[in-house]
Amino acid sequence: MNKILVIILCCSLVPSFAAADDTAIVQSARKQVGVTLSYDRAYSKLAYPNGDIPLERGVCTDVIIRALRDAKNMDLQKLVHEDMKKSFSAYPKDWQLKSTDRNIDHRRVPNLKVYFKRNQESLAVTNKPSDYRSGDIVTSMVSGNLPHIMIVSDKLTAKGVPLVIHNIGSGAREEDSLFEYPLTGHYRLKQL
């Protein structure tokens, strides 16, 4: 009787430890398709916390920022800013800044890569479609030197490759681009 109880208790814990697809993130990102219509990388002064530029424009990072804010109540502006204040030296020096800038730091792919690596689950970059779950966040390098970030969709191509939701220049869209550019990072939110 005790062995059975132990087995039942152990088995009942498995779902809470298993990383599941995160359709809430995908649904939130998908809401931006047809709404965010342009690519605009201009520097903007933002409210803090939860600052944002107008929804009809943005860059690839804005898709992630908005999806995580809406689906998970995660304010990347505040989270990245606070993490950078604590560990400024861990973040890239590409912009020769001497301190944080809460208007733009969270809108830069290299900073998001560091934040996700330090605070979420960092996974191996592979070319196997089955390694990517809906809601995962992936980074890539476009045209050899332009960092890019995308959300893995819950929709698949006929070959089983997940679509991604991103803004690569013409507004938010969902398309078959996961392996179009060299991947540089793969992240998944920690399950609580």
Side-chain angles (χ1 to χ4, degrees), residues 14-34 36 38-39 41 58-72 74 76 79-80 83 87 90-95 105-192:
V14 172
S16 65
F17 291 108
D21 292 351
D22 203 323
T23 55
I25 294 171
V26 174
Q27 290 169 355
S28 182
R30 192 174 284 133
K31 288 179 191 174
Q32 298 174 57
V33 175
T36 303
S38 66
Y39 188 91
R41 61 185 183 143
V59 293
C60 60
T61 54
D62 293 313
V63 174
I64 311 307
I65 292 162
R66 292 166 179 155
L68 294 184
R69 182 187 315 121
D70 295 344
K72 298 296 182 181
M74 288 178 66
L76 283 176
L79 292 168
V80 170
D83 195 53
S87 301
Y91 282 82
K93 303 297 177 256
D94 299 355
W95 305 276
D105 288 335
H106 65 298
R107 297 184 70 214
R108 291 178 163 151
V109 174
N111 288 343
L112 287 183
K113 285 180 64 172
V114 171
Y115 173 79
F116 287 130
K117 188 172 185 177
R118 289 172 47 86
N119 296 282
Q120 300 300 325
E121 191 176 351
S122 184
L123 304 168
V125 171
T126 72
N127 60 358
K128 280 180 53 181
S130 61
D131 288 341
Y132 298 88
R133 295 184 181 167
S134 62
D136 283 1
I137 297 166
V138 292
T139 58
S140 63
M141 199 59 77
V142 177
S143 300
N145 65 347
L146 300 172
H148 185 58
I149 193 164
M150 311 173 276
I151 293 176
V152 177
S153 174
D154 56 356
K155 292 184 180 178
L156 305 174
T157 67
K159 294 182 179 182
V161 177
L163 301 182
V164 294
I165 303 171
H166 63 151
N167 183 349
I168 197 160
S170 303
R173 56 181 56 198
E174 186 170 16
E175 58 191 4
D176 179 10
S177 296
L178 179 60
F179 298 121
E180 188 169 334
Y181 306 103
L183 295 178
T184 60
H186 180 194
Y187 310 97
R188 186 172 294 151
L189 296 188
K190 290 179 181 175
Q191 300 295 314
L192 300 176

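We count residues from 1, following the sequence as given.
Applying the salt bridge (Lys or Arg N to Asp or Glu O under 4.0 Å) criterion to E180, with sequence neighbours excluded, gives no partner residue. Qualifying side chain to side chain donor-acceptor pair (under 3.5 Å) partners for Y91, counting only residues two or more places apart in sequence or in other chains: D83. The side-chain contact (heavy atoms from CB on, under 4.5 Å) test applied to K128 returns T126, S130, D131, not counting sequence neighbours. For F116, the ring-ring contact (aromatic ring centres under 6.0 Å, His included) partners are Y187, not counting sequence neighbours.
Side chain of N167 to main chain of G58: a donor-acceptor pair is present (N/O by atom type, distance under 3.5 Å, no hydrogens or angles). Looking only at distances, no side-chain donor or acceptor of D176 sits under 3.5 Å from a matching main-chain atom of L163.
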Check against side-chain contact (heavy atoms from CB on, under 4.5 Å), F179 and V164: CA-CA 10 Å; F179 298 121; V164 294; over 6 Å; no

Intermediate values then yes/no, side-chain contact (heavy atoms from CB on, under 4.5 Å), L79 and N119: CA-CA 10 Å; L79 292 168; N119 296 282; over 6 Å; no

Can you list the steps and then say if R118 with S87 is a side chain to side chain donor-acceptor pair (under 3.5 Å)? CA-CA 10 Å; R118 289 172 47 86; S87 301; 2.9 Å; yes

Applying side-chain contact (heavy atoms from CB on, under 4.5 Å), run through V63 and T36 and close with a yes or a no. CA-CA 9 Å; V63 174; T36 303; 5.8 Å; no

Evaluate the side-chain contact (heavy atoms from CB on, under 4.5 Å) criterion for residues L189 and L68: first the C-alpha distance (whole Å), next the side-chain angles of each, then the deciding distance (0.1 Å), finally the verdict. CA-CA 10 Å; L189 296 188; L68 294 184; 3.8 Å; yes

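For the atom pair CG of N111 and CG of L76, the computed distance is 11.0 Å after rounding to the nearest 0.5 Å. The CD1 atom of I65 sits 9.5 Å away from the CD atom of Q32 when rounded to the nearest 0.5 Å. Between the OG atom in S28 and the CG atom in D22 there is a gap of 10.0 Å [rounded to 0.5 Å]. Atom CD1 in I64 sits 12.5 Å away from atom NE2 in H106 (nearest 0.5 Å). To the nearest 0.5 angstrom, K190 atom NZ is 8.5 Å from E121 atom CD.
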Mind listing the side-chain donor-acceptor pairs of residues 138-151 below 3.5 Å, one per line with the distance, residues two or more places apart or on another chain?
residue, atom, partner, partner atom, Å
T139, OG1, T184, OG1, 2.8
T139, OG1, G185, N, 2.9
H148, NE2, H166, ND1, 2.8

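Screening residues 154-165 for side chain to side chain donor-acceptor pair (under 3.5 Å), with sequence neighbours left out, gives R30-D154.
Within the 4.5 Å cutoff, the side chain of K72 has heavy atoms near those of the I25 side chain. Y132 places none of its side-chain heavy atoms less than 4.5 Å from the side chain of S153. At a threshold of 4.5 Å between non-hydrogen side-chain atoms, the residues V109 and C60 count as touching.
The salt bridge (charged side-chain N to carboxylate O under 4.0 Å, His left out) test with D62 is passed by exactly one of R108, R69, R41, R107: R107.
Side chains of D136 and H186: a donor on one and an acceptor on the other come within 3.5 Å.
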